[in-house]
Amino acid sequence: MDNGNLFSFFRRITEIPRDSGDEKEIAEYLLSFAKERGLEAVTDEVHNVVIRKPGTSGYEEAPAVVLQSHSDMVYIKSDDSSHDYQSPLKVVEKDGFLSAEGTSLGADNGIGMAMTLAILDNADLSHPPLEALFTTDEETGMDGVNHLSPFWLKGRRMINLDSEWEGIYTVGCAGGVTPVLRRKAEWEDAPSDWQCFRLMLRGLSGGHSGVEIDKGRGNAIRMLARVLYAAETRLGICVSTMSGGSKGNAIPDYGEAVLLVENADALKKLTEEFDTAFRDELSASDKNVRLSLEPWNREENCRVLTAEVLQDILMLLLNLPVNVQTMSMHLKDLVESSNNIGILRCDENEITITCSIRSSVRSLKEMMCNQMVALAHGAHAEIGFSSDYPEWAFCEDSPLRDKAVEVHKKIYGKEPGIISIHAGLECGFFKEKYPDMDMISTGPNLFDVHTPQEKLEIASAQRVYRWLTELLAELKD
Ligand SMILES: [Zn+2]
């Protein structure tokens, strides 16, 4: 199989430091690559780069195709590595894989860039006019694509090369937003003769709120609220603090509260009841879940949240949408909408709740936002929304997808996988800026990306490169 200069371009890319936000040097390399070959290239203030190459003989009038990858990488070092960020990565080949000694390899998305450069460099291929787009800062905030001019690209067919499963074509992604609810804290003195305890929920599996939201895993913050609500209504309690989770986009795997109660035995009994109920409910997903209670040192001048504040917070935590809300009717097993209650924090001034809404249908995302606004209003809380990113909705009519599948079947002799994912991709931004863009996303097998163990399967990259060149040859009209 002729891979052109695929792997020499890949190795060249690994010599250039390009952690997210530091893409100037890689952009200069791309511009000089274009200049040496007499190709038109442009860049912008955030170092996005587009290189244009005319269609080959017989393809001059074909509609242009955009090949897109991102030029930044997640640079991660192992604890014992002495690698200096500025020096080339130490690429190692072993058992059919490439990896980097002591650091991440940056095949996410360096291999997508290398495929694109190998195609631009190769005079023996047949292809329509190409626009090779390299975006920046994909890994931390998608700033490159966010800044991209809606007038840069002429092509309306895009192949995104930032996926990591060979033979799987992504045809849609979720949009999302981060709601943060804030309820003012109000305090009063704790009843003087009540005993103090710490209630702890541990042993949950947690996980990514996009990838693992449909696994039925327990949300520690919601579960903590259930216990507190039952304790409050049955026994009467006061709460001096409560917290859970550490990231908006991670399913919280722990939660805890410090509370005071008059009848300690009744609280112990209620804790045991819930411990049993949780183990029963979550025996398939979180078999190590454990709710426990321990005596806690009562502070001098102990203060607790007023009954009204506690009621408002528990009302929110029990009613905010959590986990899967809707499933797709187009693609099997695809979560369409979800919400994660990710972080609960309580400080002197306020109690904050951070969520993560996702949906591949914009109107459903808006519906969940409105639901939260209404709930916040009822709970005397303020609500703000940040980190909004657009969805890429599944498109029934996609000639590019049909061609990609046809070429796949010819090469591999079997049907490919067609998926949509419940997480954000740059493609959502492209769809927003270029609503008539026909897109697919794919790439070769990568393992353990964003870790020092990251590796690229060499044969897989060769096959995907072949698929890509054959697909381009098919895109004559
Ligand atoms: Zn990537």
Side-chain angles (χ1 to χ4, degrees), residues 157-177 205-219 249-251 281-286 321-340 356-368 389-432 435 437-447 449 460 463-464 467 471:
R157 304 187 281 186
M158 175 182 285
I159 303 165
N160 165 289
L161 295 166
D162 188 25
S163 289
E164 53 212 47
W165 316 284
E166 181 186 358
I168 308 268
Y169 301 91
T170 301
V171 298
C173 75
V177 66
S205 308
H208 187 274
S209 74
V211 185
E212 274 118 5
I213 202 77
D214 60 344
K215 305 269 190 295
R217 296 181 184 172
N219 181 301
N249 66 1
I251 300 167
E281 287 173 18
L282 301 173
S283 58
S285 58
D286 302 82
V322 77
N323 295 347
V324 175
Q325 301 297 299
T326 59
M327 297 294 292
S328 168
M329 293 291 136
H330 293 292
L331 293 170
K332 197 174 168 294
D333 298 333
L334 170 68
V335 179
E336 187 176 65
S337 312
S338 72
N339 182 54
N340 181 51
S356 174
I357 288 178
R358 296 169 194 268
S359 182
S360 45
V361 178
R362 181 164 302 196
S363 54
L364 293 176
K365 181 171 111 177
E366 283 167 7
M367 187 269 290
M368 285 187 281
Y389 56 94
E391 72 289 343
W392 168 21
F394 174 77
C395 182
E396 293 274 6
D397 177 35
S398 169
L400 179 61
R401 182 178 72 220
D402 296 345
K403 263 298 185 240
V405 168
E406 193 185 305
V407 173
H408 178 95
K409 285 201 275 197
K410 200 178 90 193
I411 293 179
Y412 293 86
K414 59 178 180 188
E415 290 284 339
I418 299 287
I419 63 163
S420 180
I421 63 166
H422 193 54
L425 291 175
E426 286 178 302
C427 296
F429 287 92
F430 291 120
K431 203 71 192 168
E432 190 175 57
M437 189 73 88
D438 188 7
M439 296 186 293
I440 52 165
S441 172
T442 193
N445 290 331
L446 305 182
F447 300 90
V449 296
S460 174
R463 288 188 297 264
V464 172
W467 167 85
L471 173 61

I'd like to check the ring-ring contact (aromatic ring centres under 6.0 Å, His included) partners of F429; sequence neighbours left out, ordered by chain and number. none
Working for side chain to side chain contact (heavy atoms under 4.5 Å, CB included), residues W165 and T442: CA-CA 7 Å; W165 316 284; T442 193; over 6 Å; no
Taking atom OG of S398 and atom CG of D438, what is their separation to the nearest 0.5 Å? 3.5 Å
Is it true that R362 and E432 make a salt bridge, defined as a side-chain N closer than 4.0 Å to a carboxylate O? yes
Taking the side chain as C-beta and beyond, is there a heavy-atom pair between V171 and I419 under 4.5 Å? no
So do the side chains of T170 and W392 get within less than 4.5 Å of each other, counting heavy atoms only? yes
Between M368 and S337, is there a side-chain heavy-atom distance shorter than 4.5 Å? yes
Is there side-chain contact between E391 and V361, with heavy atoms separated by less than 4.5 Å? no
Residue pair K431 / M439, side-chain heavy-atom distance below 4.5 Å: yes
Looking just at side-chain N and O atoms, do H422 and S338 make a donor-acceptor pair shorter than 3.5 Å? yes
Using only heavy-atom distances, determine whether the side chains of S460 and E166 contain a donor-acceptor pair under 3.5 Å. yes
d(I159 CD1, L400 CG) to nearest 0.5 Å is 5.5 Å
Is a side-chain donor-acceptor pair under 3.5 Å present for N249 with S356? no
Yes or no on side chain to side chain contact (heavy atoms under 4.5 Å, CB included) for F447 and V449, after CA distance, side-chain angles and deciding distance? CA-CA 6 Å; F447 300 90; V449 296; over 6 Å; no
Scan side-chain atoms only and decide if T326 and E336 contain a donor-acceptor pair under the 3.5 Å cut-off. yes
In terms of side-chain heavy atoms, does S209 have a donor or acceptor partner in R358 at a distance below 3.5 Å? yes
Inter-residue atom distance N339.CG - K365.NZ, 0.5 Å rounding: 12.5 Å
Could you pull out the closest heavy-atom pair between P444 and V464, with the gap in Å? CA-CG2, 3.7 Å
Sorted by chain and number, sequence neighbours left out, side-chain contact (heavy atoms from CB on, under 4.5 Å) with V324 holds for I213, D214, M327, V335
S285 versus R217, closest heavy-atom pair with distance: OG-CA, 3.9 Å
Which label fits W467 and Y169: parallel for a plane angle under 30°, tilted from 30 to 60°, or perpendicular past 60°? tilted
Close side-chain approach of K403 to L471, heavy-atom, < 4.5 Å: yes
